[in-house]
Number of protein chains: 2
Amino acid sequence: MLNERSLAITQECQDCPIRHRAVCARCESDELERLEEIKYYRKFEAGQTVIWSGDRMDFVGSVVSGIATLTQTMEDGRTQMVGLLLPSDFVGRPGRNTAAYDVVATTDMVMCCFRKTPFEEMMSRTPHIAQRLLEMTLDELDAAREWMLVLGRKTAREKIASLLTIIARRDASLKLNTIDGPLVFDLPLTREAMADYLGLTLETVSRQISALRKDGVISLEGKRHVTVPDFNRLLDEAGDDADGGMFA
Amino acid sequence: MLNERSLAITQECQDCPIRHRAVCARCESDELERLEEIKYYRKFEAGQTVIWSGDRMDFVGSVVSGIATLTQTMEDGRTQMVGLLLPSDFVGRPGRNTAAYDVVATTDMVMCCFRKTPFEEMMSRTPHIAQRLLEMTLDELDAAREWMLVLGRKTAREKIASLLTIIARRDASLKLNTIDGPLVFDLPLTREAMADYLGLTLETVSRQISALRKDGVISLEGKRHVTVPDFNRLLDEAGDDADGGMFA
DNA sequence: CGCGATCTTGATTCGTCTCAATCGGGGTGG
DNA sequence: CCACCCCGATTGAGACGAATCAAGATCGCG
């Protein structure tokens, strides 16, 4: 069921693509070596559940490549996405042993895992790790609060525009695509996943995307490939103050 | 304007009411002594703004008594509360020097403050502080994610019930009121503040409170004093699984 | 080529917002 | 001491936006 193919993947921390952004970012080379001893890779396929909410969680780790989602579900099936895990993001909570959310890989994904207990021990002896984890957690808290404004106060159209903004920003930061020209990227989520993120139905998501297309804010090629001719126009539709830091 | 009356208040950390829950919870007595040297108290009146979003923030601190709110505002005035700060909660973000949110005291409030730079220095030399701050930040992140489900997926009635649940829980934990009998507490927020927390209008808040009263889920004395005859009934209305840990 | 999954579009319903009037309690000043 | 005022809360009527229910359209894939 877990479809483990960990064996195939091995990597030196030094060459790791998330070396400078993950929880290990501040580690010195000797600290890295000790991490290297306790780490192992796991691969997940698109659609596969990494952890179920409530399950015993005996590892933590970092997303190396691919995308995962964090979701909460009510008894009657209503679901809300509460986090989007991108490469370098941390999964799991030191000091807690059951998962609070469902974690699902939405694309093929590779994780760099640590068994929880050895990691916790190492964390208590390695301030560089704890410091970095604090920093990352504070960033996530800011992102969650930002998202609370989206969920609580924005219209459906603004919600879609906000999501596109976030995806566009992230994509630009990966591709160093800082030119002011049109932004081009792929949506990493289905309409339904977008709806779960935005607190909408998938029909409303579809309608609002169509509306933004009709109004020339975006253009689509297929269902996933998006072009944004004017990023400031998109920011405007999101209801954010112009250039929220990215092009400052 | 800042209405400083700090002078009047002095307190030994040992006797501090939030000693065992705040950011200093894990400190040894020698560490406490050093904190004692750099701390100072500030008093705020109900309604007073502690910090404006975007302002330079040169202190951090803990709420000692009273309640404050964390809010975000869009240009057109729509506002969303993103945090409720209760005694022992931490204000400010080490490593950042402008405030990301408005902080407003909703009751008279006392804060235990530290100038940011000395606190940051002390934190880097005192793992006990950093550890506790990480733990508190992880808790806040969980709370924020819990709230995302409320904002994104719950109905107005469920939102009100969820808020009452949270306030009742907190109140019970303070008063050690663990009997199964009726819970009694005061709402620390106006209808408008509740609306800002819940992503609703104040009219809808008022209507739903009336509806819950009419249906016997709660009873009111005046506008703020609430009695909950059956807590499980309230949990049910909130859409949560029965007894979310409190009476487990 | 046809099947299924995903997405789009339409018609209608339902919930919450908006606008507006009224109520009630606590404090103030006459 | 009481009338008044002000602020917060309540209640109502109507409008609007998103959900729901229901067909189809498009794409990828076997």
Side-chain angles (χ1 to χ4, degrees), chain A residues 45-48 69 74 76-80 104 106-108 150-164 186-215 218-226 237 239, chain B residues 45-47 69 74 76-80 104 106-107 150-164 186-215 218-226 237 239:
Chain A
E45 292 178 6
Q48 201 180 341
T69 63
M74 295 170 66
D76 62 8
R78 283 176 282 178
T79 75
Q80 174 66 50
V104 179
T106 59
T107 65
D108 287 353
V150 173
L151 290 173
R153 292 304 187 189
K154 292 196 177 180
T155 64
R157 170 184 267 242
E158 288 170 333
K159 285 179 175 180
I160 298 289
S162 297
L163 180 56
L164 293 176
D186 285 305
L187 294 172
L189 302 173
T190 65
R191 299 291 186 266
E192 186 178 19
M194 293 173 71
D196 284 344
Y197 203 172
L198 297 166
L200 297 171
T201 59
L202 68 90
E203 294 95 325
T204 298
V205 170
S206 186
R207 272 186 251 276
Q208 296 299 336
I209 289 181
S210 297
L212 288 175
R213 184 168 44 70
K214 215 160 284 173
D215 296 345
I218 58 172
S219 63
L220 282 176
E221 214 161 329
K223 296 155 192 300
R224 298 293 194 96
H225 198 71
V226 179
E237 292 286 354
Chain B
E45 293 178 5
T69 61
M74 296 171 66
D76 61 8
R78 282 177 282 177
T79 74
Q80 175 65 49
V104 179
T106 60
T107 66
V150 173
L151 289 173
R153 292 302 186 191
K154 292 197 177 178
T155 64
R157 171 184 265 243
E158 289 170 334
K159 285 179 175 180
I160 297 289
S162 298
L163 180 56
L164 292 176
D186 285 305
L187 294 173
L189 301 173
T190 65
R191 300 289 185 267
E192 185 178 20
M194 294 173 70
D196 283 345
Y197 204 172
L198 296 165
L200 297 171
T201 58
L202 68 92
E203 293 96 327
T204 299
V205 169
S206 186
R207 272 186 251 275
Q208 296 299 335
I209 288 181
S210 297
L212 287 175
R213 182 169 44 71
K214 215 160 286 172
D215 296 346
I218 59 174
S219 63
L220 280 177
E221 213 163 330
K223 297 154 191 300
R224 298 292 196 95
H225 198 71
V226 179
E237 292 286 355

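The sequence lines fix the lettering, A, B, ..., with proteins before strands; numbering per chain opens at 1.
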Open item on the list: Once hydrogens and angles are ignored, does a donor-acceptor distance under 3.5 Å link the base of D:dC7 to the side chain of B:Glu192?
Closed with: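 Check fails, no donor-acceptor contact within cut-off.
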TODO: Assign A:Ser210 to base, sugar-phosphate, or nothing according to its heavy-atom contacts below 4.0 angstrom with the strands shown.
DONE: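 Contact class for A:Ser210: sugar-phosphate only.
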For [N], does OP1 or OP2 lie under 4.0 Å from any side-chain N or O of [X]?
{"X": "A:Arg224", "N": "C:dC7", "answer": "yes"}
{"X": "A:Arg191", "N": "C:dT8", "answer": "yes"}
{"X": "B:Thr204", "N": "C:dC17", "answer": "yes"}

Rounded to the Å, how far apart are [X] [atom1] and [N] [atom2]?
{"X": "B:Glu221", "N": "C:dG25", "atom1": "CD", "atom2": "C1'", "value": "15 Å"}
{"X": "B:Leu151", "N": "C:dT16", "atom1": "CG", "atom2": "C1'", "value": "15 Å"}
{"X": "B:Asp186", "N": "D:dA9", "atom1": "CG", "atom2": "P", "value": "13 Å"}
{"X": "B:Leu189", "N": "D:dG8", "atom1": "CG", "atom2": "P", "value": "14 Å"}
{"X": "B:Leu202", "N": "D:dG8", "atom1": "CG", "atom2": "C1'", "value": "9 Å"}
{"X": "A:His225", "N": "D:dT26", "atom1": "NE2", "atom2": "C1'", "value": "18 Å"}
{"X": "B:Lys214", "N": "D:dG12", "atom1": "NZ", "atom2": "P", "value": "7 Å"}
{"X": "B:Ile209", "N": "D:dG8", "atom1": "CD1", "atom2": "P", "value": "15 Å"}

[X] to [Y] - nearest heavy-atom pair and separation:
{"X": "A:Leu187", "Y": "A:Lys223", "value": "CD1-O, 3.9 Å"}
{"X": "A:Ala161", "Y": "A:Leu212", "value": "N-CD1, 4.4 Å"}
{"X": "A:Thr106", "Y": "A:Ala46", "value": "O-CB, 3.8 Å"}

TODO: Indicate yes or no for a side-chain donor-acceptor contact from A:Glu221 to the backbone of A:Val226 under 3.5 Å, with no hydrogens or angles considered.
DONE: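 Answer holds: no.
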Task: B:Arg157 side chain vs B:Ile209 backbone, donor-acceptor pair below 3.5 Å - done: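 Checking the backbone N and O of B:Ile209 against the side chain of B:Arg157, no donor-acceptor pair under 3.5 Å is found.
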Ignoring the backbone of [X], work out which of [options] is nearest its side chain.
{"X": "B:Gln208", "options": "C:dT9, C:dT16, C:dT18", "answer": "C:dT16"}
{"X": "B:Arg207", "options": "C:dT18, C:dT9, D:dA9", "answer": "C:dT18"}
{"X": "B:Thr201", "options": "D:dA18, C:dT18, D:dT11", "answer": "C:dT18"}

Open item on the list: Closest-nucleotide mapping onto DNA chain C: is B:Lys223 or B:Thr155 further toward the 5' terminus? I mean the 5' end.
Closed with: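 Residue closer to the 5' terminus by nearest nucleotide: B:Thr155.
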